[in-house]
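Comments concern the structure below.
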Amino acid sequence: MALKGLDIFKLTPKTNCKDCGVPTCMAFAMKVAQGSVQIGACPHMSDEALAALGEATAPPMKLVKIGAGEREYALGGETVLFRHEKAFVSKNLFGVALKPDSAERVLPEVMKIDYERIGERMHVELLHVGYGGSGNGDMAGSGNGDMADGGSGDRAAFLDTVRKAAAAGRTLVIECGDAGVAREALELAKDGKPLLNGANPSNYAEMARLAEEYGVALGVGAPDIGGIYDTVQALEGLGCKNLVIDVGAASAKEAFANAVQIRRAAIKDSVRSLGYPSLVNLEKLAPGNPELQLALASVFVLKYGSIIIMGDMSYAQALPLFGLRQNIFTDPQKPMTVEPGVYPINGADESAICATTVNFALTYFIISGELQRSGVPVNLLISDAGGYSVLTAWAAGKLSAASLEKFFSEQGLNDRLKNRTLLIPGKVAVLKGEIEESLPGWNIVVAPNEAVGIVKFMKELSA
Amino acid sequence: MPFAPVPQAFKSSLKEVVIGAGESAVALGGENVLPLYSFDAPIKNRPKVGIEISDLGPDRSLPELAKFYEGASSAAELAARACAAPGADFVCLWLEGADPNGEDRDVADCVKICREVAEASPLPLAVQGCGSPDKDARLFEKIAEALQGRNVLLLSAKEENYKGIAVAAVTAYGQKIAAESSVDINLAKQLNVLISQLGIAGDSTVMHLGASAAGYGFEYIASTTDRVRLAALAQNDAALQMPVIAPVAADAWSVKESVMSEDEFPEWGPVERRGADMEICTASAMIAAGANAVIVRHPRSAAAVAELISALL
C-alpha cells in the first residue's frame, strides 16, 4: 500500500534541519511519497522508521527461500499476474509426498528423474513427508497428532521417513501440526533447511517459535481464506514473515480459488499479508489419482502454485510437466536458446550428413525431433543466431553465409566432420549460393520450408 | 479487519457458440470471468472435451487405444466408440486422409465419410480438415451442404481460405467455423474482423489460436490466450470475444516424448502412457489458459480432462 506524505512525515525527526537538501521535513516527506527522493537522503531517520517505511515500499510479494546450499530455492517475489506483463520470477517447485508404507518404492523412481533440458536441470526438487492428518486444511488432528493418529507407532514411522528423505539429497517439506513431533523431525533434517508446514489458527505461536529456532520457512494454512489471512497476520505480529501459504485440502476447486485470490489480492490489491508463495498438495486433493493430479499440476503451474506436491511422479508425467514449467517461467524478453555446437542425432558419427539451423530453442526442438523421427543419422549444427527464428535471424543478419563460416572455423568443423553435405533451412534457400562460396568443398542442399516435411525429405535423401 | 476477496466479474462476456443439434448440443463460452474463476461469477458453460478420430483409423500400435477401438474399422464405427468414451462432449473427425501430400482422398469420399460419421454419432460433430487451405476450402463447402441441420464445427478457416468457407458453411448452411491464426493476438483479431465483415456474427465463430505441446513453446500460446481473454473481457474487444478451441491432439502426439520408442529411452516407460500424459498436461494447461474446448485423441486423456473440469467447477 503506497504511503501518503503525511504518514512519512510522522516518521521524520521533524527538525527541519535541511540536511537532506529540502527546506522542511514536510516537503521532504512529500517528495519521498512521490518517489522523487529516497528516504535514505535524510541522515536522521531512526532505524524503526526506516524499517516501517521499508515495509511499506517493499515489493507486493515476498521472496521466500527454502533449502540450503546448492538446494536452496527462491519462491515468490512475483510482481505480475500474467507473464506477458513482465515475467514470472520464481519457477514453481515440484515435490513428491513420501509415505512410510511407500517411500521405499517411490523414492528410487523419483530419484531416477534427473535430466537436462535446454540448460536446465529437471528433477523433483522437494520431498514431502507428512505426519498423519495433522497438517493444514485438515484441522481434526491439529496440535494433537499423537492421539489423532494412533500413537507413537505413527510417530516413529514418520520420523523414519523423514530420515530417509533427508538422506536422499533433496530439500524437504515437513508437514506436522504437532510442534513436539515437528521438533524431532527438524532435528533430523535441520541442515537442509526444510520448509516446515503445519501452522494453523490454533498452533501458530508454537510453530512460529519452532521455525525461528531452526531458521526455516513456515507453511501456514486454515480452513478458509479468511482464516489464512488472520493467521498470517497473527504470525506477522509475532515477527514471523518467512512464510508459505498452504492453499488447503478441502477440494481442488477451493484450493484453486484460494491460490488465485491470494495471488491476486497480493499483486493487484497490495494485500501484504497475502503476499507469500503458495503450496498445493495434490495428493490430498486427488488421492491416488495420478491422472487428475497431473491435470491439476498443469493448471497450478500456470495459475499460481509455488510448491506443487504430488503423490508420485512417473517419468511420463515429469516430461510434460517440466517442459510446461520451463515454458511458462521463460522471460518473454529473452527467448530460450540452446548452446551452439554439433548435436549428433540417431547415432550420427563424423561421416553422417549435416544439417544446420538456428539456436532458438523452439526451432531446435522441432527440427531435432523431426530428424530423430526420420531415423537417419544426422549431425545437427547449431550456430549462434541470436536466439531468433530462422527468418528473423536471417533478416537481422544473424544467420548468413558469413556467420556460418565463422561458426565452422570456430568449431573446427572441417576437421571434425568427414561428410561434406550440409542441409540448410528451406526458408533461407536464398543463402545457398553465398554459403557455397563461404564453405568451399561443401555440398549445400536446401531442406523443406516447414518441419513437417523433414521426415519424408530425409528418407528420400538417404534412400 | 477481516479479509474479503474482491470478486472480479467483468461487464463484458464471451460470445456463446452452440455446436450440434437437439439434446446433445453443447454450448461453448458465454462467461464473464477469467478461465475457471467460478469464485468471481458463475461460469455459464464449463469447458468441453472433444475426442479426435481419424479417417485413417487410430494408431493400433498403442495397446490401450487399439483395445478401445477393437473391432471398429470404419470412421462411423470409430465415432460411435469415441462418443461412448467417458468425458467426451463431442467428437472430432480429422480428415487426415484428404491430405494432397498423403492419401489425397477425394472430396466426394470425404463427404460420404462425414455423413456416415454424423449418422453414427450421438454427440455433436466437429470436422477437422487436412490442413491444405485449398483442399479444406473445397471439402468444407461440400461437407457443410451435406450435413445441413447438424450444426457442425469446421476446423479451420485460415487467412488463405476463410472467405469461401465462411460464406459456404455459415451463411449458406448455418454451420460453425473455427478461425485459425498462428499464436498472435493481432492475427487472431484481424481474421475475426475479416470474417465478421462477411456478415457473420460472433456466435458462429470460435477461435483456434494455434497449438503447441507442453515444453514446445507453450508459453507463446499461453500468453496469447491470456491476452486475448483480457482484451475480450477487460477491454470489451468484440472482435476477440469468441470462445477458444484448442485441438491439442496432433501436437501432443507428435513431440519426441510421445513418439520415441521405449527401446531408445527405457527409463521413460511405455510410449502410450507418455503420449497420454503429454496430452493431459497440454490440454489441462490450455483450459487454465482459457480454452473453452479442447480436442484430445486418447480416451484416457478425455477422461482425465473431464475429471479436471468437474473438480474445478
Side-chain angles (χ1 to χ4, degrees), chain A residues 82-84 112-113 117 225-226 228-230 233 251-254 256-257 260-261 264-265 268-269 271 273-274 285-286 289 291-292 294-303 314-317 319-324 326-330 332 336 361-362 365-366 368-369 372-373 452-453 456, chain B residues 2-6 8 34-40 101 131 212-220 222-224 226-227 230 252 254-260 264-265 267-270 273-285 287-289 300-301 303-305 307-308 311-313:
Chain A
F82 298 95
R83 60 182 291 285
H84 67 261
K112 256 191 235 166
I113 302 167
R117 187 179 205 269
I225 194 168
I228 290 173
Y229 177 79
D230 294 341
Q233 287 223 315
S251 70
K253 181 176 176 170
E254 198 179 312
F256 178 72
V260 172
Q261 293 184 100
R264 194 165 69 184
K268 193 159 168 285
D269 307 324
V271 178
S273 293
L274 293 177
L285 296 174
N289 187 342
E291 263 126 23
L292 182 55
L294 169 63
L296 285 167
S298 310
V299 170
F300 280 105
V301 168
L302 267 73
K303 289 286 168 83
S314 66
Y315 224 116
Q317 292 177 320
L319 292 167
L321 275 180
F322 286 125
L324 178 67
Q326 187 171 45
N327 283 168
I328 295 301
F329 290 89
T330 302
M336 286 195 295
L362 189 53
F365 261 116
I366 292 168
S368 63
Q372 242 161 3
R373 272 165 28 121
V452 286
K456 194 169 166 230
Chain B
F3 171 71
V6 189
Q8 286 179 13
L34 290 175
L36 306 170
Y37 286 17
S38 60
F39 42 85
D40 281 336
N101 294 318
S212 36
Y216 290 82
F218 189 85
E219 70 271 33
Y220 296 97
S223 284
T224 300
D226 278 343
R227 292 181 63 199
L230 288 169
S254 64
V255 296
K256 182 178 162 185
E257 289 87 338
S258 313
V259 296
M260 297 310 282
E264 279 173 274
F265 292 90
E267 72 277 17
W268 283 10
R273 187 52 72 93
R274 279 187 260 132
D277 281 354
M278 176 59 79
E279 190 164 59
I280 292 169
C281 177
T282 305
S284 304
I287 286 173
R300 185 186 276 276
S301 313
V305 175
E307 206 176 355
L308 171 82
L312 291 177
L313 292 178

Distance in Å, [X] [atom1] paired with [Y] [atom2], rounded so as to fall on 0.5 Å steps:
{"X": "A:Leu285", "Y": "A:Leu292", "atom1": "CG", "atom2": "CG", "answer": "8.5 Å"}
{"X": "A:Gln261", "Y": "A:Phe256", "atom1": "CD", "atom2": "CZ", "answer": "10.0 Å"}
{"X": "B:Ser284", "Y": "B:Glu279", "atom1": "OG", "atom2": "CD", "answer": "10.0 Å"}
{"X": "A:Asp230", "Y": "A:Ile225", "atom1": "CG", "atom2": "CD1", "answer": "11.0 Å"}
{"X": "A:Leu324", "Y": "A:Ser298", "atom1": "CG", "atom2": "OG", "answer": "6.0 Å"}

Can you tell me which portion of [X] sits under 4.5 Å from chain B's heavy atoms? Options are side chain, backbone, both or neither.
{"X": "A:Ala257", "result": "both"}
{"X": "A:Gln317", "result": "both"}
{"X": "A:Leu274", "result": "side chain"}
{"X": "A:Leu296", "result": "both"}
{"X": "A:Ser314", "result": "side chain"}
{"X": "A:Leu362", "result": "side chain"}
{"X": "A:Ser251", "result": "neither"}

With no hydrogens and no angle check, is any side-chain donor or acceptor of B:Arg300 less than 3.5 Å from a backbone partner on B:Arg273?
no
Non-hydrogen atoms of chain A under 4.5 Å away: do they reach the side chain of [X], the backbone, both or neither?
{"X": "B:Ala285", "result": "both"}
{"X": "B:Ser38", "result": "side chain"}
{"X": "B:Ala289", "result": "both"}
{"X": "B:Val259", "result": "side chain"}
{"X": "B:Leu313", "result": "backbone"}

Take atom CZ of B:Arg227 as the centre, draw a 6.0 Å sphere, and report whether it contains more than 12 heavy atoms from other residues, nucleotides or ligands.
no
Chain B interface, residue from A:Lys456, A:Gln326, A:Lys268 that has the most non-hydrogen pairs under 4.5 Å:
A:Lys268
Of all of A:Ala252, A:Ala286, A:Ala361, which one pairs up most often with chain B through heavy atoms under 4.5 Å apart?
A:Ala252
With a 4.5 Å cut-off on heavy-atom pairs, point out which of B:Val6, B:Leu230, B:Thr224 contacts chain A the most.
B:Leu230
Among B:Ala303, B:Ala252, B:Ser254, who wins on heavy-atom pairs under 4.5 Å with chain A?
B:Ser254
Are a donor atom and an acceptor atom from the side chains of B:Tyr216 and B:Lys256 found within less than 3.5 Å of each other?
no
Less than 4.0 angstrom from a charged side-chain N to a carboxylate O is my criterion; do B:Glu219 and A:Arg83 meet it?
no
Could you check if a side-chain atom of B:Met278 sits within less than 4.5 angstrom of a side-chain atom of A:Pro320, using non-hydrogen atoms only?
yes
